[in-house]
Amino acid sequence: MLNLTGKNALVTGIANNRSIAWGIAQQLHKAGANLGITYLPDERGKMEKKVAELVEPLNPSLFLPCNVQDEDQIKSTFETIREQWGKLDILIHCLAFASKEDLTGDFSQTSRSGFNTALEISTYSLVQLSGAAKPLMTEGGSIVTLTYLGGVRAIPNYNVMGVAKAGLEMSVRYLASELGPQNIRVNAISAGPIRTLASSAVGGILDMIHHVEEVAPLRRTVTQLEVGNAAAFLCSDLSSGITGQILYVDAGYEIMGM
Ligand code: NAD
Ligand code: 0WE
């Protein structure tokens, strides 16, 4: 059965109690995993305090700042894992960012810097974190990232994030191909729209959610905990034959043509 005891899991992307990464961390904890949590530090340390209070019940044995735009923070995160844990089994990549002005209006007007930022934070970070995790996954491992249908179809206003997710999904395949011989599996969960800090900042997200509630086979949206359950599955031996895949956790929305 689903059992992650003895597994060391690094979870990125928790900002608050609505984060998808929070749903994932709770389900990995429930399955018995030992957790390390990273957060995006700010100048005043507000995020550190907020996330620390939130995750306290999950007893993380590591709690570290990790801005993926900062090479040194990534280095020291994995250095600490090497010293404290010795090996890593699970990496959850659950972060994305594009500048707000690039998530509305004409895609053709995306600035060079906006394009670069979105792909650096949302796409390259998976490659970078996986490369850092590789030498620590000495007993095999599982890497899971979060993607969205807007990386496969043109969804209004998703714009540069769609390009970033297309790159992310292809990165999953190349990483799976490279890391498979070391028994490291790499998969993505394509989640349906969920109200989180990132999505709530997007105009029209409620209309999109209502559309999914009308059209998706299950006639509802999905929850962070449902995504967390799928992630726990992809991190466990129950999915030992699965790598390089995009698993839709979207109440079935993706299959519909109308
Ligand atoms: P969220 O705002 O809770 O999470 C986004 C996280 O990215 C935050 O924790 C933030 O701190 C982190 N982040 C941003 N820039 C960073 C940086 N430079 N370094 C480190 N961390 C950084 O929102 P969410 O909706 O839970 O998003 C998590 C993932 O799920 C993203 O990849 C998103 O694209 C994906 N996703 C979201 C939805 C949705 O509808 N909410 C649907 C499908 C996929
Ligand atoms: O991947 C996402 C959210 C990504 C995101 C959201 C923001 C808003 C705040 C990345 N960067 C930022 N930057 C900000 O300043 N989702 C899948 C949720 C989402 O975002 C959309 C969606 C959906 C769904 C944007 C446009 C249209 C639909």
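Throughout, numbering of the chain's residues begins at 1 and tracks the sequence. When a ligand or atom number is given, it counts from 1 through the structure's own listing order. Only heavy atoms go into these numbers, but all of them, side chains included; no hydrogens, no water, no symmetry mates.
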Closest non-hydrogen atom pair between Val51 and Ile14, with its separation: CG2-O, 3.6 Å

Heavy-atom pair with the smallest gap, counting every atom of Ile90 and Cys235: CG2-SG, 3.5 Å

Distance-only polar pair, side chains of Thr80 and Trp85, donor-acceptor under 3.5 Å: no

Under 3.5 Å side-chain donor-acceptor pair for Ser108 and Asp106: no

At less than 4.0 angstrom from any non-hydrogen atom of [X], what atoms of ligand 1 do you find?
X	result
Ile14	9 (O)
Pro193	40 (O)
Cys94	6 (C), 28 (C), 29 (C)
Leu197	2 (O)
Cys66	19 (N), 20 (C)
Gly192	40 (O), 42 (C)

Which protein N or O atoms sit under 3.5 Å from any N or O of ligand 2? Give each pair with its distance.
unit_1   : atom_1 : unit_2 : atom_2 : d
ligand 2 : 1 (O)  : Tyr158 : OH     : 2.7
ligand 2 : 11 (N) : Ala98  : N      : 2.8
ligand 2 : 11 (N) : Ala98  : O      : 3.3
ligand 2 : 13 (N) : Ala98  : O      : 2.7

Around [atom], find the nearest protein heavy atom and jot down its residue, atom name and distance.
atom	result
atom 10 (C) of ligand 1	Leu40 CD2, 4.4 Å
atom 35 (C) of ligand 1	Leu146 CB, 3.8 Å
atom 32 (O) of ligand 1	Lys165 NZ, 2.9 Å
atom 31 (C) of ligand 1	Ala96 CB, 3.7 Å

Identified side-chain contact (heavy atoms from CB on, under 4.5 Å) counterpart of Leu179 within the set Met137, Arg185, Lys134: Lys134

Determine whether [X] and [Y] make a side-chain contact, defined as any pair of heavy atoms from C-beta on separated by less than 4.5 Å.
X	Y	answer
Asn116	Arg112	yes
Ile74	Asn67	no
Ser19	Thr196	no

Contact partition for Ile121 relative to ligand 1, non-hydrogen atoms under 4.0 Å: side chain

Has ligand 1 got any nitrogen or oxygen that is less than 3.5 angstrom from a nitrogen or oxygen of [X]?
X	result
Met47	no
Ile20	yes
Ile194	yes
Thr196	yes
Ala198	yes
Tyr148	no
Thr147	no

hydrophobic_cluster_shared for Leu175 and Leu146, side chain cutoff 4.5 Å: no

Short side-chain to backbone donor-acceptor contact, Thr223 and Glu226, under 3.5 Å: yes

Pairs touching residues 238-258 that satisfy salt bridge (Lys or Arg N to Asp or Glu O under 4.0 Å), sequence neighbours left out: Arg153-Glu254

CZ (Arg195) with more than 12 external heavy atoms under 6.0 Å: no

Basic-acidic side-chain contact under 4.0 Å: Lys75, Glu71: no

Geometric class of the Tyr253/His211 ring pair [parallel <30°, tilted 30-60°, perpendicular >60°]: perpendicular

